[in-house]
There are 2 protein chains.
Amino acid sequence: MMAIRSDAARSRERILTAAREQDSSTLRLNDLARETGLGVGTVYRHFPTVHALVEALAYDTLIRMRDLSREAAAEPDAEVALASFLRSALDLQLADGGLQAVLLSPDDETDDVRETKREIFATFTAVLERARSDGAVRADLTVEQLEHLICGIEHAVRLGSPADSEPFLQIMLAGIRP
Amino acid sequence: MMAIRSDAARSRERILTAAREQDSSTLRLNDLARETGLGVGTVYRHFPTVHALVEALAYDTLIRMRDLSREAAAEPDAEVALASFLRSALDLQLADGGLQAVLLSPDDETDDVRETKREIFATFTAVLERARSDGAVRADLTVEQLEHLICGIEHAVRLGSPADSEPFLQIMLAGIRP
DNA sequence: GCATTAAACGGATACTTCATCCGCTTTGTG
DNA sequence: CACAAAGCGGATGAAGTATCCGTTTAATGC
């Protein structure tokens, strides 16, 4: 059996490196081909769609999110745990412009991404459940709603300055209490 | 001097009518030409860009927003006035998918739109000012921040169901209190 | 009515962007 | 070193975008 070929690994890295210098919302596969000196065919074989590339770019951030989720879940105080989880999620989504799309997409390109997302959502559910039974959040709030709210806050911060991040998060945290 | 020609008025209405049947985020000027039976040149003369068309489509909603703003500002209780203003803004933005872009755009196509937006923001500023001096909202919150938060909530609601609108608004209203 | 002309109309067409296909090249293995 | 299997490249066709200009039409003045 044949391992991953060295030229393919090199091409892949060249594409990812070039893509990291761009805004994920305006990525153009043909442009990356020109910038890297690779053929368009090569770029499209590695990443058949822009979303496949965005997902590959976001994978490191996703792993970081999983790790921070675990840490948040280990926090004894349920309300602190939830706040910590939400702050991490918001910070990472602001740092990685493609993460929101990856988190919300129902179709993951790779099993690694699917499994990592699964763990993050499971942890999130547990943290919210604990906060709920402590009476620290509104009883009717679901994980999906909170996820959407974080995406909304991300959007709001992007409309203004990154400095709005913390005040907006505080407003959300204050607002979700019973 | 020549008034607006009747054929031009008819073409304009045909385009607007056809455009209203579509999602404002996926409007295609060439498609509208085909659907209306008009030439592409005609469509592009009336609306040189998609944004020009979106703005024309949103104008009625914008007028409605201005009227509801005036009503909210007439409310004696400052906190109720602010809540009323924000609820109207959210509802209208959810009803008109192009309104957010029109409100946030710094470049308005027509003077009517510019003037209407100016009045809405002036009213909004006055309502927020009054709520602030009543101690009904956080002292450091600006009009821009609140505007962005409403856009964020709109985004969050669009990610889920319209039924999330009221709970999300409640969370925001609770969160912006001191 | 009819002539005049400014304005509007239409759609061919040039330009840009997107994604595939397939002949050629490179890599790793026996 | 031969020979698959995998990867590479870029010409190319399909799709979308927007302009230009010759033709038509509506309003106005006589």
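Since the structure is predicted, the reported quantities are computational estimates derived from the model, not experimental observations. Throughout, protein chains are lettered first and strands after them, A, B, ... in sequence-line order, and every chain is numbered starting at 1. Computed from heavy atoms alone, side chains included, the values below leave out hydrogens, waters and symmetry copies.
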Quick one: is [N] close enough that its OP1 or OP2 comes under 4.0 Å of any side-chain N or O from [X]?
X: B:Thr42; N: C:dA8; answer: no
X: A:His46; N: D:dC8; answer: yes
X: A:Arg5; N: D:dA5; answer: no
X: B:Ser11; N: C:dA8; answer: no

Sub-3.5 Å donor-acceptor pair from the side chain of A:Asp108 to the main-chain atoms of A:Thr110, do we have one?
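No, because the side chain of A:Asp108 does not come within donor-acceptor range (under 3.5 Å) of the backbone of A:Thr110.
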Search all heavy atoms of B:Gln22 against all heavy atoms of B:Leu27 and return the closest pair with its distance.
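Smallest heavy-atom distance, with atoms named: CB-CD2, 3.7 Å.
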Pick base, sugar-phosphate or nothing for [X], based on heavy-atom distances below 4.0 Å to the nucleic acid.
X: B:Asp7; value: sugar-phosphate
X: B:Arg28; value: sugar-phosphate
X: B:Leu29; value: nothing

How many Å lie between [atom1] on [X] and [atom2] on [N], as a whole number?
X: A:Asn30; N: D:dA14; atom1: CG; atom2: P; answer: 17 Å
X: A:Leu32; N: D:dG9; atom1: CG; atom2: P; answer: 14 Å
X: A:Leu27; N: C:dT17; atom1: CG; atom2: C1'; answer: 15 Å
X: B:Tyr44; N: C:dG11; atom1: OH; atom2: C1'; answer: 13 Å
X: A:Arg10; N: C:dT27; atom1: CZ; atom2: C1'; answer: 10 Å
X: B:Arg34; N: C:dG10; atom1: CZ; atom2: C1'; answer: 16 Å
X: A:Arg12; N: C:dT27; atom1: CZ; atom2: C1'; answer: 19 Å
X: A:His51; N: C:dC18; atom1: NE2; atom2: P; answer: 17 Å

Salt bridge or not for A:Arg5 and A:Asp7, using N-O below 4.0 Å?
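Counted as a salt bridge, because a side-chain N and a carboxylate O are separated by less than 4.0 Å.
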In terms of the nearest nucleotide of DNA chain D, which residue is placed more toward the 5' end: B:Asp31 or A:Leu38?
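Nearest nucleotide further toward 5': that of A:Leu38.
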Assess whether side-chain contact (heavy atoms from CB on, under 4.5 Å) is satisfied between B:Arg114 and B:Arg118, documenting all intermediate values.
CA-CA 6 Å; B:Arg114 187 175 12 260; B:Arg118 202 205 49 70; 5.7 Å; no
Over 12 foreign heavy atoms within 6.0 Å of CZ, A:Arg64:
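12 or below, so no.
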